K.L.:
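Got a structure for you, questions after.
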Amino acid sequence: MNPQHRAFFNEVVKHTRELNIQKGKTLHAKIIKAGLSSSVYMANCMVNLYAKCGHLPDAELSFDQIDGKDVVSWSCLINAYSQKGGVESSSAVMGLFSRMRAQNTLPNAHTFVGIFNAMSNSCDVLGGRKAHSLAIKTDICWDVFVGSSLINMYCKLGPIDDARQAFDRMPERNSVSWATMVSGYAMHRMAVEAVGVFKLMMQCQQERENEFVLSSVLSALALPEFVDIGRQVHCIAIKDSLVWIASVGNALVTMYSKCGSVRDALQTFEMSSDKNSITWSAMITGLAQSSNSKEALTLFSRMHYCGIHPSEYTFVGVVNACSDIAAIVEGKQLHCYLVKMGFENQIYIITALVDMYAKCGSIDDSRKGFDYLQEPDVVLWTSMIAGFAQNGDNESALSLYGRMEAKGIPPNELTVASILKACSSLAALDQGKQVHARVIKYGFILEVTIGSALSTMYTKCGSVEDGNLVFRRMIARDIVSWNAMISGISQNGCSNEALELFEEMIMEGIKPDAVTFVNILSACSRMGLVERGWKYFNMMSDVFAIAPALEHYACMVDVLSRAGRLIEAKEFIETAKVDHGMCLWRILLSACRNYRDYDLGAYAGEKLMELGSQESSAYVMLSKIYTALGKVDDVQRVMRLMKLRGVGKEPGCSWIELKNLFHVFAVGDQMHPQITEIQAKLQILTKQMIDEGYRPAYD
DNA sequence: TTAGGGTTAG
């Protein structure tokens with residue numbers, strides 16, 4: 001080769017390495033002028049230069065002009081497309097590969113690397129297997145690059161066992177093959193297997209751990225039960241000085257956050273000297289997901305102050321933090337900021353915004369976000385459905401789910417849980433049953449989320465038996481499932497069964513929480529079981545170390561008052577070790593009215609007056625008690641106080657939905673078109689009630 | 001003296 005040719009080659013290589021397309025193009029012109037473009041070797045270099053610089057059409061043009069394309073020409077273009085990614089590129093690769101074979105050019109290891117990479121983006125497992133068998137026939141699989149690409153392909157396409165088989169059969173492995181296998185297991189959330197391969201690698205004399213394998217194994221360990229192994233990997237990273245590499249630090253931050261050790265995550269974050277946008281995003285997301293949302297917002301400000309540009313991941317994390325604490329002002333500011341940065345078309349961002357606006361009660365803004373995208377994915381549909389349900393618009397939740405089904409988008413577990421919640425609120429048993437049919441059709445397992453939602457739906461719709469059937473068939477139950485079932489049974493008037501279920505739960509070794517005790521104390525109250533009420537109330541702190549909160553005291557006052565043990569209730573309130581404000585006295589006052597214990601009622605009422613109650617019912621009840629006691633002066637005093645304090649009496653109001661029409665009734669209101677018939681019917685009912693022995697309250 | 005594989009944030 002003459003010196004001029006050599007100089008050209010060196011220059012192409014240099015421009016390719018520096019991705020300098022301008023200089024590359026100028027050089028291309030010089031090469032044509034020098035009559036060197038007919039050299040296949042030189043033309044291949046030009047195809048590669050254009051491909052590496054991201055100019056695929058120019059690469060293809062140069063490729064088309066090559067006379068006598070060799071395996072390098074084909075492989076160059078195949079790899080250019082496979083690196084571009086996406087389903088379209090993988091079909092372009094397969095097209096090129098057929099053309100190459102039609103021209104009798106034999107593929108080599110470079111070609112197969114491109115083929116396997118393209119297939120890994122294709123969702124075509126069968127196509128992947130065909131390519132694999134062709135590589136075996138061509139006797140190419142021994143190559144360590146081909147092997148790693150093959151493992152990667154099977155990991156991404158799904159059949160992870162095939163990936164492992166390919167890994168086990170490799171005659172030679174290097175750090176990339178180990179890292180690919182570990183990251184494959186991490187991708188499939190197979191922590192035990194990922195750690196297994198990592199340990200094998202550590203035992204292997206030729207291999208040393210590197211940042212790729214460490215970050216992969218750490219991402220597999222991001223579950224609370226693996227935090228101890230995660231710490232051991234952290235030690236290895238420190239020992240090998242790999243902890244200072246950003247990707248390892250980032251993986252550690254995420255691992256600790258997801259394991260529930262936010263403190264460790266923060267410590268790792270602060271110690272990291274090589275923070276990039278990912279590090280900040282990981283920490284912000286970690287804080288938001290561990291109910292430290294205010295800290296997440298503060299960290300975002302700090303990131304901004306440090307001059308680090310937020311990515312779409314950062315915005316997802318920080319917008320989710322706003323959702324968590326319903327910070328609408330900050331949420332809107334972020335919305336403006338991310339539009340300025342050009343992220344408003346990203347589906348993850350839109351989903352986070354829809355969720356944020358719904359949790360902040362701005363359901364119209366959620367709807368705008370949802371309508372913004374032509375083709376929402378299942379997560380976005382679910383966020384919008386859940387948003388409607390959270391805001392009490394259960395009809396819209398159901399109708400949107402109908403649209404989603406009509407579009408043929410299969411729901412996921414969270415969609416089903418949200419829609420079941422809407423059915424529960426509407427007591428829509430028929431629709432709930434249809435959703436249950438979908439659960440069976442899609443083969444969803446009755447794990448905690450779906451099982452609890454389903455059993456709650458049945459009990460809220462009054463079908464305790466079906467609720468129980470679902471509850472019994474669940475493969476796993478957490479405290480939320482038990483609480484939901486206990487409360488559901490109790491609300492259907494089966495308080496005895498609710499208490500039995502609680503005893504069963506204790507026998508199974510499930511530790512009750514504060515919600516459980518609210519449920520069972522309410523059941524005791526409904527059944528008038530004072531002694532059991534006391535037993536459970538004391539059990540909370542004595543056996544389960546749960547400090548009774550205001551709602552437990554309220555339940556206990558209710559237990560005592562409903563059973564007519566009013567003095568005991570009064571003493572209980574006065575010795576309560578909780579800042580009870582007015583809530584407990586109000587319960588007692590109401591009970592005194594029902595039991596006509598006017599002296600004690602007056603005592604409770606005066607307590608409420610002393611505490612400055614703003615509730616009209618307290619003033620009305622107390623004045624009625626004084627009326628009954630014949631204390632006219634006190635009646636006038638209470639009414640004056642009510643006026644002085646500006647307490648308005650809100651008119652009692654109720655409504656009923658019949659055939660999609662709401663009928664609203666307020667006290668003293670004569671607006672309803674059928675009011676005469678309604679009042680006549682009420683008189684008949686009242687008479688019937690008195691005849692059957694019921695006595696209406698004194699007012 | 002041309003072409004190839006692995007990581008971390010939703």
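Since we're looking at a predicted model, the values are computed, not measured.
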K.L.:
Tell me which residues in residues 179-189 of chain A put a heavy atom below 4.0 Å from DNA chain B, sorted by number, or none.
P.N.:
A:Ala179, A:Thr180, A:Ser183
K.L.:
Does the Lys NZ or Arg CZ of A:Lys69 fall within the cation-pi geometry relative to A:Phe63 - under 6.0 Å from the ring centre and within 45° of the axis?
P.N.:
yes
K.L.:
Can you list, in residue-number order, the parts of residues 83-115 of chain A that come under 4.0 Å of DNA chain B, counting heavy atoms only?
P.N.:
A:Gln83, A:Asn108, A:Ala109, A:His110, A:Val113
K.L.:
Just to be sure I understand the geometry, which residues of residues 241-267 of chain A put a non-hydrogen atom under 4.0 Å away from DNA chain B?
P.N.:
A:Ser247, A:Asn250, A:Thr254, A:Lys258
K.L.:
Using atom OH of A:Tyr81 as one end and atom P of B:dG4 as the other, report the distance to the nearest whole Å.
P.N.:
16 Å
K.L.:
Let's see if you get this right: which residues in residues 290-314 of chain A place a heavy atom under 4.0 Å from DNA chain B?
P.N.:
A:Ser311, A:Tyr313
K.L.:
Is any side-chain N or O of A:Asn48 closer than 4.0 Å to OP1 or OP2 of B:dA3?
P.N.:
yes
K.L.:
Quick one: list whatever passes side chain to side chain donor-acceptor pair (under 3.5 Å) with A:His234, sequence neighbours left out.
P.N.:
A:Tyr256
K.L.:
If you only use heavy atoms from C-beta on, which nucleotide in B:dG5, B:dA3, B:dT2 is closest to the side chain of A:Asn117?
P.N.:
B:dG5
K.L.:
Between B:dT2 and A:Phe9, is there a base-stacking contact, meaning the centre of the base's six-membered ring lies under 5.5 Å from the residue's ring centre while the planes stay under 30° apart?
P.N.:
no
K.L.:
Quick one: is B:dA9 close enough that its OP1 or OP2 comes under 4.0 Å of any side-chain N or O from A:Lys275?
P.N.:
no
K.L.:
Check whether the ring centres of A:Trp280 and A:Phe300 lie less than 6.0 Å apart, and answer yes or no.
P.N.:
no
K.L.:
Once you measure the plane-to-plane angle for A:His132 and A:Phe116, does it fall in the parallel (<30°), tilted (30-60°) or perpendicular (>60°) bin?
P.N.:
perpendicular
K.L.:
Report which part of the nucleic acid A:Lys52 touches: base, sugar-phosphate, or nothing (heavy-atom distance under 4.0 Å, all strands).
P.N.:
sugar-phosphate
K.L.:
Within residues 371-382 of chain A, which residues have any heavy atom lying less than 4.0 Å from an atom of DNA chain B?
P.N.:
none
